[in-house]
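To start, the structure itself, in structure tokens.
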2 protein chains.
Amino acid sequence: MTVTLADVAARAGVSAATVSRVLSGNYPVAEATRARVLRAVDDLDYVVNGPASALAAANSDLVGILVNDIADPFFGIMAGAIQAEMGGGPSTVSAGAEARSMPGGGPLSLSGPSLPGAGTSGEKLAVVCNTNGSPARELTYLTLLQRQRAAAVVLTGSGADDPEHTERLAAKVAKLTAAGTRVVLCGRPPVPGALTLTFDNRGGARRLTEHLLTLGHRRIGYIAGPADRTTTRHRLEGHLAALAAHGPQTTGPVRPVVEGAAGAEIPMAAGRARPRRGSADAAHDTAPGGPPLVVHGAYDRASGYDAACELLRREPGITALVAANDTVALGACAALRDLGLRIPHDVSVTGFDDLPFSADAAPALSTVRLPLYEAGARAGRLALGREIAPPGGVAMIRAELMIRNSTAPPPGAAGEL
Amino acid sequence: MTVTLADVAARAGVSAATVSRVLSGNYPVAEATRARVLRAVDDLDYVVNGPASALAAANSDLVGILVNDIADPFFGIMAGAIQAEMGGGPSTVSAGAEARSMPGGGPLSLSGPSLPGAGTSGEKLAVVCNTNGSPARELTYLTLLQRQRAAAVVLTGSGADDPEHTERLAAKVAKLTAAGTRVVLCGRPPVPGALTLTFDNRGGARRLTEHLLTLGHRRIGYIAGPADRTTTRHRLEGHLAALAAHGPQTTGPVRPVVEGAAGAEIPMAAGRARPRRGSADAAHDTAPGGPPLVVHGAYDRASGYDAACELLRREPGITALVAANDTVALGACAALRDLGLRIPHDVSVTGFDDLPFSADAAPALSTVRLPLYEAGARAGRLALGREIAPPGGVAMIRAELMIRNSTAPPPGAAGEL
DNA sequence: CTGTTAGCGCATTCAT
DNA sequence: ATGAATGCGCTAACAG
């Protein structure tokens, strides 16, 4: 039914081994026979049997990419960058700093136009798996990938901030690497045995809050991500560190809540009423009467909206809102608008990540830029062994402050009109 | 080195065949031996060798999902929905209409907590492949998947609007299905041999423009997507059909361009200066002096920004802008803001898709809702053969008009203040 | 340079 | 209900 190596060999008048050799390309073959084989392959429309090949060679061309949320561009950008590196041969990717989206085509290609499926010249099948933020699914996908004898696995984004899961993950990573699968972490804390590219979330968050402090803000609300993620914790720690270094928050001049129609009523949850995991609640509340003002929520827009309302209800004197990421920040902006507050005149808002839409938001968002594409590309190269590992196997990726129009001095401060 | 079936068999004191049977679960095995085998599996930390299994059984548990742009939530939502369906056993997904993101975990799970990698009870490894909109990469991925003997392939989003590619694609699909791989199309025009779920882009676009016409708009600019995509063409056709049905566009009352500071200068390209494929150009221009007013661009925000500027430069009398999708619409909104025009007071704007952020935009975007999650979930079920195919193998997915705050009667029209 | 030989690890007959 | 044998399609030594 399905055409095999032997069929091709027969048609080309050579042995199966020879066919295998021309297709692998890693062995000298006479040009004449090579041509005949290629013709036979073409005629028969032969496509290599991946499983058989993987079994015999004890390795596969599958590369897994794990993401927490495939609908979030934060992951999409990284995943796209990783995939872009997975072509055969040397990278054809121009390392342009702003090369967010690959030019048409990209490096992925099979042996040639006339060989629709024959060659095995190094192309990897880079695939992304969506864990939905679930540690269990993460482990499950890792096992599935292990089962496929994947060539490499890259784990992107924040991990579960849970010792038990961290341990299981480390064990899994150890097994994977023992089996010859290269494991690289991109945008998460290091795990022994895996190469890791970790973002400077703490440093970025700290510098962002320092920026606000320098502007004169003293009552700063913090909209954190889900409490059980490492990224959430690190960013929050950076924020708190800046606060601590600056001394206790003063009560400062308290601005009257809101004048006009919106004053009486705090808008409720944005849109849909579905319950969300980790939505704003009092669990991680701040001590009454004292800073810091922190509310946890999911990494999504509705969460930012709710949290902003909650924070302003608790502490109307807030003059700045620091959001866990850009998406959350946009939700917070929407809430402020609905409350009749102007940005940045009444309240400053900051994001994190610098996703593409942040620069275009109204007002343009002050945020922390994470070089997601570049980091992903590098992770991809590490996964392929095409780039030398950083010393100690861990590299810290710098986060860059992007000051735009959503931050300004607080109302009544010097420099204000 | 790596532990195999034989090792497990030895430790359990049974034959390899027996171990295979308990793991497959599709054959009667005594409860006692079954337990022993399971223990051995656990003790040895055995993980099935996917390639070997696939080779012997002549099928694999790999399911491929092809997307045009992994950083675009349009695809992320569909891909996430498809993956969510790929668990073992019956669907545990509540079919809630707004179930955008899966609850923690989702249906994907291995045989049980104590069997980290042994069972094969139906879980599929659903993986997404990013084509970046390149037909060549699309074919390449299809071949790679074919090579892996994938159980199913789901192609999402608009296809290349090119007869040659369509033909190649059809040929590939035929081969895939012949080899036992189920192929389903989600959000694209039908291809013989594949089950397809196609969006009513034409109908949605037509109703959207009719809405504008009913409001009183007569000079409507259209910001189209890349000219070589089927979705682009269908949406544009719907728009033009509405226009044609309504009679020729009248010149209408021409609004003076812009008063004040922004009047003199049309802002240039938003942000980055990198060249974009399919950016606004004169290639598909409208006839001079007459409607329709159409500009093509990429499916991204910057494109929307540029195209809006271009359209207003050409025809300052425009009172409404119809964008190819929500992302483009937001870019257009940004341009209008920078030009000092109010939405919808001066110019109405519409999007397409109804991505999550559209409802929260300022103003909330009038758009056409495509049930992406539901369509993806259905495609996933079709791919697994868990849902009966629609008659003829093709189902049309309805598009629903969502009228929000970005559309209003044109300036000076009846009903205006 | 090319053909021959021997598995890779598992699923599946067929026996028992 | 279980074991023994066979082969899936390919690659990797080994010859020649």
Side-chain angles (χ1 to χ4, degrees), chain A residues 1-38 40-41 44-61 117-122 146-149 151 179-180, chain B residues 1-38 40-41 44 46-61 117-122 146-149 179-180:
Chain A
M1 229 264 12
T2 152
V3 30
T4 76
L5 244 205
D7 299 330
V8 177
R11 189 172 226 279
V14 297
S15 73
T18 300
V19 177
S20 172
R21 293 198 262 254
V22 326
L23 293 184
S24 304
N26 51 11
Y27 208 85
V29 172
E31 193 46 55
T33 49
R34 164 185 201 73
R36 251 183 314 141
V37 168
L38 257 26
V41 164
L44 266 37
D45 229 5
Y46 170 69
V47 174
V48 179
N49 181 317
S53 171
L55 176 57
N59 67 50
S60 90
D61 57 0
T120 317
S121 45
Q146 178 183 9
R147 187 182 287 187
Q148 301 297 329
R149 303 302 188 257
Chain B
M1 235 278 351
T2 154
V3 31
T4 77
L5 244 205
D7 299 330
V8 176
R11 189 173 224 278
V14 296
S15 75
T18 301
V19 176
S20 173
R21 292 198 261 253
V22 327
L23 293 182
S24 302
N26 51 10
Y27 207 83
V29 173
E31 193 45 56
T33 49
R34 167 187 198 70
R36 253 183 313 143
V37 167
L38 256 26
V41 163
L44 266 37
Y46 171 71
V47 174
V48 179
N49 182 317
S53 171
L55 175 58
N59 68 49
S60 89
D61 57 359
T120 317
S121 46
Q146 178 183 10
R147 187 181 289 187
Q148 300 297 327
R149 303 302 189 255

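Because only heavy atoms are used, hydrogens play no part in the values below, and waters and symmetry mates are left out as well, while side chains stay in. In what follows, every chain begins at residue 1, and chains take the letters A, B, ... in the order their sequences are listed.
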Response to the item:
Taken to the nearest whole Å, CG/B:Leu23 to P/C:dG9 is 16 Å
Practice prompt. Would you indicate, yes or no, if C:dG3 has its OP1 or OP2 atom less than 4.0 angstrom from a side-chain nitrogen or oxygen of A:Thr18?
Written response: yes
Item to complete: Taking only the side-chain nitrogens and oxygens of B:Ser53, find out if one of them lies under 4.0 Å from OP1 or OP2 of C:dC10.
Response: no
Practice prompt. Give the minimum heavy-atom separation between A:Ala16 and A:Leu5, together with the two atoms involved.
Written response: O-CD1, 3.7 Å
Worksheet item: How close or far is atom C1' of D:dA15 from atom OH of A:Tyr27, stated in whole angstroms?
Response: 11 Å
Fill in: Audit row: A:Asn59, A:Arg149, side-chain contact (heavy atoms from CB on, under 4.5 Å) steps and yes/no
CA-CA 6 Å; A:Asn59 67 50; A:Arg149 303 302 188 257; over 6 Å; no
Worksheet item: If you pin B:Arg36 and A:Asn26 to their nearest nucleotides in DNA chain D, which one's is more 5'?
Response: B:Arg36
Worksheet item: If you pin A:Ala17 and A:Pro28 to their nearest nucleotides in DNA chain C, which one's is more 5'?
Response: A:Pro28
Practice prompt. Calculate the interatomic distance between B:Leu55 atom CG and C:dG9 atom C1'; express it in whole Å.
Written response: 9 Å
Item to complete: For C:dT2, take OP1 and OP2 only and decide whether either is under 4.0 Å from a side-chain N or O of A:Thr33.
Response: yes
Practice prompt. Assign each of B:Ala57 and A:Val19 to its nearest nucleotide of DNA chain D by heavy atoms, then name whichever residue's nucleotide is nearer the 5' end.
Written response: B:Ala57
Worksheet item: Shortest non-hydrogen contact from A:Val19 to A:Ala9?
Response: CG2-CA, 3.6 Å
Worksheet item: What integer distance in Å separates A:Asn59:CG from D:dT11:P?
Response: 10 Å
Practice prompt. Quickly work out the B:Asn49 CG to C:dC10 C1' distance and round it to whole Å.
Written response: 8 Å
Worksheet entry | Phosphate-side-chain proximity, A:Ser15 and C:dT2, N/O vs OP1/OP2 below 4.0 Å | no
Worksheet entry | Interatomic distance where CG belongs to A:Leu5 and P belongs to D:dT11 [whole Å] | 6 Å
Worksheet item: Counting any heavy atom closer than 4.0 Å, what does A:Ala58 reach on the DNA or RNA strands: base, sugar-phosphate only, or nothing?
Response: nothing
Item to complete: Kindly say if A:Thr4 contacts the phosphate of D:dG9, meaning a side-chain N or O under 4.0 Å from OP1 or OP2.
Response: no
Fill in: Nearest to side-chain heavy atoms of A:Val14, which nucleotide of D:dG9, C:dA11, C:dG3
C:dG3
Worksheet entry | Whole angstrom value for the distance that separates P of C:dC10 from CZ of A:Arg147 | 11 Å
Item to complete: Figure out the CZ/C1' separation between B:Arg21 and C:dC10, and round it to whole Å.
Response: 13 Å
Worksheet item: Can a donor-acceptor pair under 3.5 Å be found between the side-chain atoms of B:Arg149 and the base atoms of D:dG9?
Response: no
Worksheet item: How close do A:Leu44 and A:Val3 get, heavy atom to heavy atom, and via which atoms?
Response: O-CG1, 3.7 Å
Worksheet item: Can you check whether A:Arg21's main-chain N or O pairs, donor with acceptor, with A:Ser24's side chain at less than 3.5 Å?
Response: no
